[in-house]
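So the structure is just underneath, and the comments pick up after that.
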Amino acid sequence: MSHPLTGNRSEPIDIEARLTDVRGRIEAAAQRYDRDPATIQLVAISKTKPAALVEAALAAGQHDFGENYLQDALAKIEALAERDIAWHFVGDIQSNKTRDIAAHFAWAHAVDRFKIARRLSEQRPEGADPLNVCIQVNIDAEASKSGLAPNEVAELADRLTELPGIRLRGLMALPSYAEDLDAQRRPFAALRELRDEINARGHTLDTLSMGMSADLEAAIAEGATHVRIGTAIFGPRDS
Ligand SMILES: *Cc1c(COP(=O)(O)O)cnc(C)c1O
């Protein structure tokens with residue numbers, strides 16, 4: 001039987017306790033790798049989970065939420081319209097989604113084409129702050145994954161500075177799963193080095209969106225500023 005809160009488990013889920021665990025992992029990793037924990041934002045990835053679970057996380061002090069499926073996200077955003085939430089769109093962006101993303105989100109983490117960025121900029125509502133954007137990088141060259149090849153990132157970064165409705169904040173990666181910490185760190189280190197190269201061209205990128213439930217420690221070791229955590233907070237998703 002499916003539970004009304006989790007949708008896919010028969011046990012209720014203690015979001016507050018799970019958030020406390022995740023915050024503890026972030027703080028422990030920050031301490032171990034000599035990072036200021038205040039420079040690491042936790043983005044709670046609530047995709048496929050009901051608004052009631054977002055409410056539970058809000059009540060436990062969470063402010064930033066990430067979504068991947070636009071229709072599912074828009075329903076939650078509408079249900080929670082009165083609440084103080086920064087919404088992050090972390091999924092791939094097709095042209096037909098840009099208007100809603102520009103209207104309802106504070107961040108888009110997976111931009112990898114100028115055309116999409118230009119639409120987001122043009123469609124950003126007047127009076128709103130620019131949409132914060134990361135370029136998604138296919139950092140470990142997996143043919144099956146989206147994101148720009150590392151050697152194409154600088155050119156796109158340069159072009160995005162022309163667009164007034166967006167603000168390029170940094171780079172995002174979603175490397176394939178690796179078991180051990182050293183293997184997890186390698187692609188995150190490569191993303192950090194790429195960010196440094198882009199900044200050496202005159203950009204001021206301050207964001208590395210990297211690290212999920214299974215590898216947030218490795219990401220923090222390599223400089224993550226935004227960890228995107230779903231399962232560890234909200235439990236497993238139905239696939
Ligand atoms: C689902 C998702 C996450 C969260 O993954 P978990 O392993 O559940 O923490 C992070 N980033 C993106 C882009 C996702 O799609």
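We use all heavy atoms of the structure for the numbers below, so side chains are in, but hydrogens, waters and symmetry mates are not. Each ligand, and each atom within it, is numbered from 1 in the order the structure gives.
Each of Lys49, Lys76, Lys47 was evaluated against Glu67; a single residue qualifies, Lys76, per the salt bridge (charged side-chain N to carboxylate O under 4.0 Å, His left out) test.
Ligand 1 lies under 4.0 Å from heavy atoms of Ile45, Lys47, Asn68, Val90, Met172, Leu174, Met212, Ser213, Arg228, Ile229, Gly230, Thr231, Arg237.
The aromatic rings of His88 and His226 lie tilted to each other, with the angle between the two planes from 30° to 60°.
For the pair Ile135 and Ile198, the minimum side-chain heavy-atom distance is 4.5 Å or more. In this structure, Ile93 and Val111 have side chains that are in contact, with non-hydrogen atoms separated by less than 4.5 Å.
Atom CD of Gln31 is surrounded by 12 or fewer heavy atoms from other residues, nucleotides or ligands within 6.0 Å.
For Asp158, the salt bridge (Lys or Arg N to Asp or Glu O under 4.0 Å) criterion is met by Arg201, not counting sequence neighbours.
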